[in-house]
Amino acid sequence: MLDRIVAAQTKVQNELKLESEEVYGLAIQSDPALLSFTAQGLVTTPPIKDYDQPDGEIMYASLRPIIGFARFDTDNFCSLV
């Protein structure tokens, strides 16, 4: 449904651009009053004491081997067998 709305909006904008560049320019400007958002509170999360942050490497210890489905390697991450 959202795709249809965006497509309809784009179509109308294109037609408006053909009619008048000036009106088109006014139509595509954002209205700050529509999306007024203010947030109060923390802007960052405090660190967790004694948390051992992982280095981002993949741990294969928890993966069960699935024969005939996929093979994991370090060169291609996941390649079909």
Side-chain angles (χ1 to χ4, degrees):
M1 180 170 157
L2 185 60
D3 292 337
R4 290 189 344 209
I5 293 170
V6 171
Q9 181 183 17
T10 304
K11 179 182 176 185
V12 170
Q13 286 177 349
N14 290 336
E15 291 176 9
L16 184 60
K17 189 174 184 181
L18 293 174
E19 291 292 322
S20 171
E21 289 279 337
E22 182 181 349
V23 176
Y24 171 77
L26 295 171
I28 62 170
Q29 288 181 354
S30 63
D31 184 3
L34 283 176
L35 299 173
S36 60
F37 175 76
T38 57
Q40 295 178 344
L42 296 175
V43 292
T44 59
T45 305
I48 300 171
K49 186 178 179 182
D50 299 327
Y51 176 69
D52 185 26
Q53 183 175 357
D55 59 359
E57 294 292 323
I58 298 172
M59 298 176 60
Y60 296 110
S62 63
L63 296 175
R64 293 184 298 149
I66 303 172
I67 299 172
F69 178 71
R71 178 185 68 232
F72 293 90
D73 57 20
T74 57
D75 295 331
N76 299 320
F77 180 70
C78 180
S79 59
L80 295 177
V81 175

Would the number of heavy atoms belonging to other residues, nucleotides or ligands and lying under 6.0 Å from CD of E15 be above 12?
->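 Yes, because the 6.0 Å sphere around CD of E15 holds more than 12 heavy atoms from other groups.
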Please report the C-alpha distance between N14 and L18 in whole Å, then the side-chain angles of each, then the deciding distance to 0.1 Å, and finally whether the side-chain contact (heavy atoms from CB on, under 4.5 Å) criterion is met.
-> CA-CA 6 Å; N14 290 336; L18 293 174; 5.9 Å; no
Which distance, rounded to the nearest 0.5 Å, do you find between the CG of L2 and the CD of Q9?
->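 These two atoms lie 9.5 Å from each other.
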Report the residues that fulfil side chain to side chain contact (heavy atoms under 4.5 Å, CB included) with V23, sequence neighbours left out, ordered by chain and then residue number.
->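 By the side chain to side chain contact (heavy atoms under 4.5 Å, CB included) rule, V23 matches L16, S20.
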